[in-house]
Amino acid sequence: MQCVASSSLVVMPPPEYWPAFVDIKKNHMNPKIKRPPYPHITLLQPFAHERHFSEARSKLAILLKNVKPFRITINSFKLFENGSSCTMYLEPEVQPPNALDNLYSILSDAFPEVGKSDFDAHIGVGYFRDLGKARMLQLKYQKNWKPMSWVVDEIYIMSRTSEETPFEVRVIVPFGQSKEKEPSLWKEIPLDATFSQCLQYSVARNADGTYSDVIPEITPAVTEKEEEFVQVGFEKEIVKEPVVLDVQPFTFNREKHLENISKRIIKWFYKEDEKAHKLPLSQDRLLNAIKPHCWAKVQVLRPKYILQKLVSEEYVALDEEENLTWLRKPFLGFPSKFEEPHWSHGLEDEQIEVLAKVFKWASTQSRGNLASVSRHLHLQSFVKFDFAPKSVLEKLIEMAVIEIDYKNSKKINYYLYDEEEEEAEESLKIDSTENVSPYNG
């Protein structure tokens, strides 16, 4: 069963409780999240692709056949620190105490393709960069909060159609041990509804999460893109809007890096001179000696861009609190000159190479939080470029650090400043030629 980040399995409070949660969270949203907030406890995410919802419903009905309803009470604001940011959340109190953890165990064991992780039930209500501000607001909200409680007797499969549209209830699965089960307060939006019809259906939902008495009649319609799938005999799929990412322009300033390499070699000259080591006196020996220094590491992509690509290509998923989930998507191989994947369009060869290596790495990972992944992506964002020792030698001559005596078997003369003299030269701004002496070993 294919799993996607745009689908999740959750527990939600009744619609009448929504305003208390949303009024807080709408003011403290992660700026990366554009879709409307909704209060929920995530059980599994990513979850089944929409084409597998019918199969998932049947499987869940069997799993929940012997599950009894339990009560959740929300009364405590907590903070979770995550490196440079923190999340404010409401901690659920469950009766019986292990009922929610047991439910998660049943579900995660039944859907191993999602991946099992430590389950920490919470309802996120805020994302903050400033820990002090978060603690202040935590006290404020806790002081004004009125405890709320409800009975959990069903779970919901949710999905969204784009990065900016809300998660909607697609499937409702009641617990099998619910006695005299009342009709669900939620409505299922049909899977074959088009994007515009989902929006029309959402309009019927009131601000408090309830629905109007008259729900618009949804007649399955076929869009032009869906019609194309039908004509060629493929299964219909929701077509996601492309994610627009800020690509870092890559320009290789060869002259700048050549100068930096030369400065690094000059420092090496000084260290060798201080140790009373003899510097190479022939051109061939000098070329061999500086060869290990003739390289530069250049950042070709921003780590943030690489992370966005991992998310958009569904190698990882990030929830609203920036918790990271590995999707274990198979790596399809490195691009060739005959076939370029869609994600490589508009990128230079060096940038494509970095992304391909990261994709291959991500396809094998199952552990690691956002902080550790960001550190790894920073390291992977650099590419090593090798320079010909002869071009560096020419730069050193141009900088008047060395001179080749072609009349004397290409012997190397070094012109190294004494550090004290160099500082004096800088302060007095005198002619540099007055403080230079040839070094012949």
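Positions are given from 1 along the sequence.
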Would you call [X] and [Y] a salt bridge, using N to O less than 4.0 angstrom?
X	Y	value
Arg160	Glu50	no
Glu394	Lys390	no
Glu255	Lys395	yes

Could you check if a side-chain atom of [X] sits within less than 4.5 angstrom of a side-chain atom of [Y], using non-hydrogen atoms only?
X	Y	result
Val173	Leu63	no
Leu9	Gln45	no
His257	Val298	yes

Notebook entry, point to check: Does Lys59 count as lying over the ring of Phe111, i.e. NZ or CZ under 6.0 Å from the six-ring centre, within 45 degrees of the axis?
Noted result: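 The answer is yes; both the distance and angle limits are met.
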Next item on the list: Flag this pair as yes if the NZ/CZ of Lys297 is under 6.0 angstrom from the six-membered ring centre of Phe382 and inside a 45 degree cone about the axis; otherwise no.
Entry: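 Output no; distance or angle outside limits.
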Notebook entry, point to check: What is the ring orientation for His52 with His49, classed by angle as parallel under 30°, tilted 30 to 60°, or perpendicular over 60°?
Noted result: perpendicular
Item checked: Parallel, tilted or perpendicular, as decided by the 30° and 60° cut-offs, for the rings of Trp326 and Trp361 -> perpendicular
Will you find, in the side chains of [X] and [Y], an N or O donor that is under 3.5 Å from an N or O acceptor?
X	Y	answer
Arg51	Gln2	yes
Glu91	Ser76	no
Ser159	Arg170	yes
Ser149	Arg71	yes

Is a side-chain N or O of [X] found less than 3.5 angstrom from the main chain of [Y], in a donor-acceptor match?
X	Y	result
Ser7	Val4	no
Ser372	Gly368	no
Glu154	Ile172	no

Item checked: Those residues that, when tested against Glu353, pass salt bridge (charged side-chain N to carboxylate O under 4.0 Å, His left out) (two or more places apart) ->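 Only Lys357 meet the salt bridge (charged side-chain N to carboxylate O under 4.0 Å, His left out) criterion with Glu353.
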Contact summary for [X] and [Y], nearest pair of heavy atoms:
X	Y	value
Ile41	Ala121	CG2-CB, 4.0 Å
Asp23	Asn27	O-ND2, 3.0 Å
Leu327	Pro46	CD2-CG, 2.8 Å

Next item on the list: Answer yes or no: are there more than 12 heavy-atom neighbours, outside Arg285 itself, under 6.0 Å from its atom CZ?
Entry: no
Checklist line | Test of ring centre spacing under 6.0 Å for Tyr17 and Trp145 | finding: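 No.
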Note to self: Between Trp18 and Trp150, is the ring centroid distance below 6.0 Å?
What the structure shows: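 Not under 6.0 Å, so no.
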Next item on the list: Apply ring-ring contact (aromatic ring centres under 6.0 Å, His included) to Phe80 and Tyr89, showing your working.
Entry: CA-CA 8 Å; Phe80 173 73; Tyr89 65 93; 7.4 Å; no
Margin query: Can you tell me which residue among Leu137, Asn30, Thr87 is in a side chain to side chain contact (heavy atoms under 4.5 Å, CB included) with Phe128?
Written below: Leu137
